[in-house]
Amino acid sequence: MTQPEHKIRQLRDFLDDCNYKYYVLARPDVSDYEYDMKMRELQDLEAQYPEYDDPDSPSHRVGSDVNQEFQQVEHRYPMLSLANTYSEGELRDFDARIRKLLPEGEEFQYSCELKFDGTSISLTYHDGRLVRALTRGDGQKGDDVTQNVRTIKSIPLRLNGSGYPDDFEIRGEILMPHDSFQRLNAERLEIGEQPLANCRNAAAGALKTQNSAAVAKRGLDCYLYYLLMDTLPTDSHTDNLALAKSWGFKVSDNTKLARNIDEVWDFINYWDNEREKLPYDIDGIVLKVDSMTQRDRLGFTAKTPRWAIAYKFKAEEAAAKLLSIDYQVGRTGIVTPVANLTPVHLAGTIVKRATLNNADFIQNLGLHTGDTVYIEKGGEIIPKITRVDETLREPGATPIKYIDKCPVCGATLVRNDGEAGYYCPNYENCPPQIMGKVIHFVTRKAMDINCGEATIEQLYNAHLVNDIADLYSLKASDIEPLERQGRKSAENLVQSIEKSKQVPFDRVLYALGIRYVGEGAARVLARKFRDIDALASASTDALAATNEIGETIAATVFEWMHNEVNIRLIQRLKEAGLQFVLDVADDDAPKSDRLAGKNIIVTGSFATPQRRAELEKMVEDNDGKLQSGVNAKTTFVVAGAKPGASKVQKAEKLGIKIITEEEFLAMMEKE
């Protein structure tokens, strides 16, 4: 090793150690000046000897000025949400369910943790190095924000010591401490920008910034709270986190192992009173069954783990006077009432408007003109009216009567049986519905056309775009005369529209804006039916029989596909060159339906980590459904070496077949 290389490594180790002591242990042992001088020395040496460059060097945490496009990446383990409650009674009901599901008399403990008010992150490490960071996304796929996350100094790029697994995932929360938030807002005010509303929004916004140098300046922090791998080091969640802490991760010390629900409640009450003293925001407490074996037994519902729940602190409440109600029409025609209020300060923001949901909501509130109402922020984000103070009602106030005509086009509103909302049926001619469909169509997750809402409104008002197919007839000469447009902007928009013709079928299907068909449902339908003609020809029974597609979505898709207006629309989009057939090279497409209707678990160690991934992909390629936990619906388990003991035990108990990799491959070959 040359002398310069040796010196560079020394400096990197020194600075990594400083970052760990400062950002994780909160026990710095060098001055800021000494740190800065060592950093400058490292940067000078790296510039002089570029052959020794290392992407994990602490000097690279300053970020890059190059903009980046976020790539969607599938989570190896789905990022499920937690069930939550604000009630002590519901918390005790949760405890009773746990005791009922576990063998009678079996002891267990709860790990009690702070519920950080930030944005979820999943970190993947290989051979002790950070290789990927994903946001929650839709739980199945998230945005790859690795470059931004690498700028957060409390997240180790290389792990400490030894003994950590070769491959694992760890999840946590990225947040913005109060000091960073106040500094950022002071800087924004100084340059004439609006201050940010709260720490959570500031952290989430920073993480999705297309400039990692800007992220580096935000002062973000990260606490980790969930270790994931095929075979965990210990059966205790708490012990696993202690190991993670020894590897260099920032793990909160504000935790407690509780033996019963009374001890949990004591922990909740303590932090409800003490949370204002923390240097960051929390909005509740999370409790989890500590034993991994017991977690496996408890399993999951469709959306949440049965072994964990979040208790959320009661949201801040404020009183305001109702001034008026606006009625907004969405792209599907649903009419949403919104209350205009006297301005009031609530949870760090000034609130002037709040949702009223629907007609039944207004009626149940007993809302009158000029009422004084109480507002909360749902999850401290969306303002909502919770109750009316009838003692302050003015004499002569009249009950609020829900409108019966569309506030924009005047069509008579319709309400279907079993639905809460009224909607405008005039979808062909109602302006907000037309513009809403186009706005949805161009979004990044749909056709990814670089066109903002203001431009769409201009195009509509100029009678250039009356439906989504009209976009593909636009010329730069049509757009250029519009206000705030020009030749370059017009050409860029036309190029973006042309580029969208390469968007794959599942995203085109989502972009059509069929009611109830979100990204997930669109992906499932595209994989099942392969092209738009097969989908349009499918019966409601065939649609409803598709995995994850129920009767409601089936009926809506069938009705949409048989509407004459939509049939003509699809034909025009086909002629424009959009992708209405699933590409045979699409890795996400099932190659057969040999495993359709089968729920399969792959567990244990195989020849390589990649081999397990190949087996899991084989299941999905043949229309099978991968499960994370054994339950009565499991068809069979494919077990490698050292499979999860609890999964094997539960499969044996339920009489579920357990097969080897070789038996699985032989079965696939035979079928």
Side-chain angles (χ1 to χ4, degrees), residues 69-83 119-124 131-146 149 167-174 204 207-208 226 228-230 299-306 308 440 443-448 503-511 514 516-529 546-550 553 557 582-583 586-591 593 595-603 609 612-629 631 633-634:
E69 292 293 332
F70 293 121
Q71 179 187 2
Q72 291 272 307
V73 178
E74 191 162 354
H75 292 293
R76 181 172 182 181
Y77 308 95
M79 285 188 80
L80 301 178
S81 301
L82 290 180
T119 185
S120 298
I121 197 70
S122 176
L123 308 175
T124 299
V131 295
R132 178 165 286 161
L134 300 180
T135 63
R136 180 190 297 279
D138 62 3
Q140 300 299 319
K141 289 183 178 179
D143 281 336
D144 188 333
V145 290
T146 308
V149 163
D167 288 279
F168 68 92
E169 196 172 318
I170 190 166
R171 292 177 179 171
E173 201 87 356
I174 289 175
L207 196 60
K208 300 300 281 290
Y226 188 20
L228 278 163
M229 64 187 79
D230 294 340
F300 297 81
T301 68
K303 294 183 178 180
T304 61
R306 291 193 178 92
H440 170 75
T443 55
R444 183 168 68 88
K445 293 183 177 180
M447 302 304 289
D448 195 18
V503 167
F505 175 40
D506 61 318
R507 282 173 54 193
V508 176
L509 186 58
Y510 167 65
I514 304 170
Y516 305 128
V517 178
E519 292 175 82
R523 186 164 53 248
V524 168
L525 290 169
R527 291 178 62 181
K528 175 68 174 178
F529 293 97
T546 305
N547 274 346
E548 302 177 43
I549 303 296
I553 297 178
V557 171
L582 196 68
D583 189 341
D586 184 350
D587 287 340
D588 286 338
K591 296 180 175 60
D593 59 358
L595 297 177
K598 293 182 169 62
N599 299 311
I600 300 163
I601 287 175
V602 180
T603 181
R612 172 169 175 158
E614 289 168 1
L615 293 172
E616 291 175 340
K617 187 173 183 301
M618 190 180 295
V619 172
E620 293 182 328
D621 282 349
N622 291 279
D623 215 14
K625 186 175 181 181
L626 284 170
Q627 287 186 308
S628 57
N631 57 37
K633 294 182 179 180
T634 304

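Note that the structure is a prediction, hence the values are computed from the model and not measured. Worth knowing before you read on, the calculation uses all heavy atoms, side chains too, and leaves out hydrogens, waters and symmetry mates.
Between atom CG of residue Asp230 and atom CG of residue Asp167 there is a gap of 9.0 Å, rounded to the nearest 0.5 Å. To the nearest 0.5 Å, atoms CD1 (Ile121) and CG (Leu207) are separated by 5.0 Å. Note that CZ of Phe505 is 7.5 Å distant from CG of Leu582, once rounded to the nearest 0.5 Å.
Every residue was checked against the side-chain hydrogen bond (donor to acceptor under 3.5 Å, both in side chains) condition with Gln140, not counting sequence neighbours, and none meets it. Listed by chain and number, the residues in a salt bridge (charged side-chain N to carboxylate O under 4.0 Å, His left out) with Lys633 amount to none (sequence neighbours excluded). Among residues two or more places apart in sequence or in another chain, the ring-ring contact (aromatic ring centres under 6.0 Å, His included) test is passed with His440 by Tyr510. Qualifying ring-ring contact (aromatic ring centres under 6.0 Å, His included) partners for Phe529, counting only residues two or more places apart in sequence or in other chains: none. Checked against salt bridge (charged side-chain N to carboxylate O under 4.0 Å, His left out), Arg132 has the following partners two or more places apart in sequence or in another chain: Asp144. By the side-chain hydrogen bond (donor to acceptor under 3.5 Å, both in side chains) test, Arg306 pairs with no residue at all, sequence neighbours left out. By the side chain to side chain contact (heavy atoms under 4.5 Å, CB included) test, Glu169 pairs with Arg76, Tyr77, Ser122, Thr124, Arg171, Leu228, sequence neighbours left out.
Scanning all heavy atoms of the two residues, the minimum distance from Val503 to Ala446 falls at CG1-O, 3.8 Å. The nearest pair of heavy atoms linking Arg136 to Ser120 is NH2-OG, 3.0 Å.
Test Leu615, Asn622, Thr634, Leu595 against Ile600 for side chain to side chain contact (heavy atoms under 4.5 Å, CB included) and you get one pass: Leu595. Partner of Asp138 under the side chain to side chain contact (heavy atoms under 4.5 Å, CB included) criterion, chosen from Arg523, His75, Lys445: Arg523.
Inter-residue side-chain proximity for Leu123 and Thr146 is flagged as unmet; no heavy-atom pair is nearer than 4.5 Å. With a 4.5 Å cut-off on side-chain heavy atoms, Leu82 and Pro305 count as touching. Residues Ile514 and Leu509 are in side-chain contact: their nearest non-hydrogen atoms beyond the backbone lie under 4.5 Å apart. You'll find the side chain of Val517 reaches within 4.5 Å of the side chain of Val557, heavy atoms only. When side chains are defined from C-beta on, Lys208 counts as touching Val145, because their heavy atoms get closer than 4.5 Å.
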Could you walk me through whether Thr119 and Thr135 pass side-chain contact (heavy atoms from CB on, under 4.5 Å), step by step?
CA-CA 8 Å; Thr119 185; Thr135 63; 5.7 Å; no
For Leu134 and Met79, what are the C-alpha separation, side-chain angles and deciding distance, and is it a side-chain contact (heavy atoms from CB on, under 4.5 Å)?
CA-CA 10 Å; Leu134 300 180; Met79 285 188 80; 5.8 Å; no
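A side-chain donor-acceptor contact under 3.5 Å links Asp143 and Gln72.
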